[in-house]
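Throughout, protein chains are lettered first and strands after them, A, B, ... in sequence-line order, and every chain is numbered starting at 1.
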There are 2 protein chains.
Amino acid sequence: MAWDTEGTRRRLREAALAEFAARGLDGTTVGSIAERAGVNKERLYSYFGDKRALWELVLATELERLASAVALTGVSLSDIGEFAGATYDYHAAHPELGRLLQWEGLQGGPPVDALGRTAHYREKVSRFAAAQLEGRLDADLDPAHLVFALIALAAWWQTVPQLAEMVTGAAPDDLRERDRRRRFVVDAARRLASPTA
Amino acid sequence: MAWDTEGTRRRLREAALAEFAARGLDGTTVGSIAERAGVNKERLYSYFGDKRALWELVLATELERLASAVALTGVSLSDIGEFAGATYDYHAAHPELGRLLQWEGLQGGPPVDALGRTAHYREKVSRFAAAQLEGRLDADLDPAHLVFALIALAAWWQTVPQLAEMVTGAAPDDLRERDRRRRFVVDAARRLASPTA
DNA sequence: CAGGTTACCAACGCTGCGGTTGGAATCAGC
DNA sequence: GCTGATTCCAACCGCAGCGTTGGTAACCTG
């Protein structure tokens, strides 16, 4: 059979994303990644170094993808509800990233690309602070806390799906419920951020 | 040395709680639990069966503890903000439970004691629904979604502490910041739930 | 087509972990 | 203090998983 080095690299990365999201860094075996990719596991070592290096590559790639996806939507802070809704959409459409981040959080140690991510969030926070000065957000709120809470609202559903199922009683693949959740998130974000009397 | 069967049992359970919370079911080794307990690992098998059985026992115990702790506080729904605050306090004081639940959620499979937990949450939801009828909560909100969002607000900080650190810039053990977060949670819960014009 | 290089794989070494076992130390009853 | 039961542990077994190695087959250059 003909060779396809770029293809095997890609297949390994995709297989790694699926396996890592499902089972975490320690939980996935190099063999299972190779098997899913239809490739000998030695390829993984020659291409990516070792399991951890591949993990960091996959995680960094997904973070990059999120950043560019958010940038593309062009959603500004003019409607904080839609901002939360877009974040909800992204996590609902790409549950892998949320799971990767959760595994990373649980397994401890410094986050991958801590500096870049910190800068990203701090920038978001400063935009919220600017919106406060314009009176579009309640001035009593700590903008960092608000950003954090919006992420919580948007991501929590994917983070603890079993809890969501127990609380709401909805099946995991209920599209109607997904839509209702989105509307709730949008509404809740507005309630959180709007200036009150 | 004299024997202390109840003591070794307890030491094993405590060691298991710490190790499981830190590394999850698959990540912790039976040897590490035994070593932390200062006991031979064979004791674990004769007392608890195997690793998974001990995991389920530990998780069920912590859930029980949370249930009785919440019941003891006597916090009703009269002030939904304080309700969220109490939940925040519990998770801040007992981060192990949150981590156990997170590991459980990630590793998939049916939750431990799914029926009991579902009943617990559904009961909470029905109380919120009753509060809606009395006009103390906004009638437009789905009470299940509201319950879920309150848990998100209270638990998210412990769930993704690295994210919290990146967004807020606060050190993990900053007590002042912890207190500010609590006030934010209480305030945010009230904003979420209050009837609006 | 000859020689060298590159992509690939089957099979292996080794370590670490879940679970077991055989026996030693401690206790309780007499 | 003797006997049987109970608690405890050091050592072991089997296996799974990470990372490597020796070798084969496809490609490239002349």
Side-chain angles (χ1 to χ4, degrees), chain A residues 1-60 99-100 103-104 106-109 112, chain B residues 1-61 99-100 103-104 106-110 112:
Chain A
M1 192 178 65
W3 288 346
D4 177 16
T5 72
E6 217 44 51
T8 57
R9 278 184 94 101
R10 185 180 42 75
R11 294 222 302 277
L12 276 170
R13 282 211 315 273
E14 290 171 359
L17 171 59
E19 292 287 324
F20 282 145
R23 284 178 256 285
L25 170 58
D26 293 333
T28 80
T29 74
V30 174
S32 73
I33 296 175
E35 190 177 357
R36 181 188 279 255
V39 156
N40 189 279
K41 68 179 172 158
E42 178 269 352
R43 290 289 79 202
L44 189 153
Y45 290 97
S46 80
Y47 281 146
F48 303 105
D50 63 0
K51 189 167 77 159
R52 170 159 248 116
L54 181 54
W55 160 268
E56 290 177 4
L57 175 68
V58 165
L59 184 48
R99 291 181 60 95
L100 289 179
W103 287 116
E104 186 196 30
L106 280 175
Q107 79 196 18
V112 171
Chain B
M1 192 178 64
W3 288 347
D4 178 15
T5 73
E6 218 44 50
T8 56
R9 278 184 93 100
R10 184 181 41 76
R11 294 222 302 277
L12 276 171
R13 282 211 316 272
E14 290 171 359
L17 171 60
E19 292 287 324
F20 282 145
R23 284 178 254 286
L25 170 59
D26 294 333
T28 80
T29 74
V30 174
S32 72
I33 296 175
E35 190 177 356
R36 181 187 280 253
V39 155
N40 188 278
K41 67 177 173 161
E42 178 270 352
R43 290 288 80 202
L44 188 153
Y45 290 97
S46 80
Y47 280 147
F48 302 103
D50 63 0
K51 188 166 78 159
R52 170 158 248 117
L54 180 54
W55 160 268
E56 290 177 4
L57 175 68
V58 164
L59 184 48
T61 302
R99 290 182 61 94
L100 289 180
W103 287 115
E104 185 198 30
L106 280 175
Q107 78 196 19
V112 170

Under 4.0 Å protein heavy-atom contacts per nucleotide of nucleotides 4-9 of chain C, with B for base, S for backbone only and - for none
--BBBB
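Partners of A:T5 according to the side-chain contact (heavy atoms from CB on, under 4.5 Å) rule, which considers only residues two or more places apart in sequence or in another chain, are A:Y47. Evaluation of the side chain to side chain donor-acceptor pair (under 3.5 Å) rule for B:T61 yields no partner, not counting sequence neighbours. A:D50 pairs by the side-chain contact (heavy atoms from CB on, under 4.5 Å) definition with A:Y45, A:R52, A:A53, not counting sequence neighbours. Partners of B:E42 by side-chain contact (heavy atoms from CB on, under 4.5 Å), not counting sequence neighbours, listed by chain and number: B:N40, B:S46.
Listed by first and then second residue, the ring-ring contact (aromatic ring centres under 6.0 Å, His included) pairs that reach into residues 8-32 of chain A are A:F20-A:W55, sequence neighbours excluded. The salt bridge (charged side-chain N to carboxylate O under 4.0 Å, His left out) contacts involving residues 10-23 of chain B comprise B:R10-B:E14, B:E19-B:R23, B:E19-B:R36, where partners must be two or more places apart or lie in separate chains.
The CG atom of A:L59 lies 5.0 Å from the CD atom of A:E104; values are rounded to the nearest 0.5 Å.
Regarding B:F48, its CZ atom lies at a distance of 15 Å from the P atom of C:dG19, rounded to whole Å. Rounded to a whole Å, the CD atom of B:E35 is 14 Å from the C1' atom of D:dC9. Between the CH2 atom of A:W55 and the C1' atom of D:dC18 there is a distance of 17 Å, given to the nearest Å. One interatomic measurement links the two molecules: CG of B:L44 to P of C:dT20, which rounds to 11 Å at whole-angstrom precision.
In this structure the side chain of B:I33 never reaches within 4.5 angstrom of the side chain of B:K41, judged on heavy atoms. A 4.5 Å side-chain heavy-atom check between A:L100 and A:L17 finds at least one atom pair inside the cut-off.
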List every contact pair, protein side and nucleotides 14-18 of chain C side both N or O, where the distance is under 3.5 Å.
unit_1	atom_1	unit_2	atom_2	d
C:dG18	OP1	B:T28	O	3.2
C:dG18	OP1	B:K51	NZ	2.8
C:dG18	OP2	B:V30	N	2.7
C:dG18	N7	B:K41	NZ	3.3

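Bending across the helix from C:dC1-D:dG30 to C:dC30-D:dG1, expressed as the angle between its end axes from five pairs apiece, amounts to 10° (10° rounding).
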Is there a side-chain contact (heavy atoms from CB on, under 4.5 Å) between B:W103 and A:L106 once you walk through the steps?
CA-CA 8 Å; B:W103 287 115; A:L106 280 175; 3.5 Å; yes
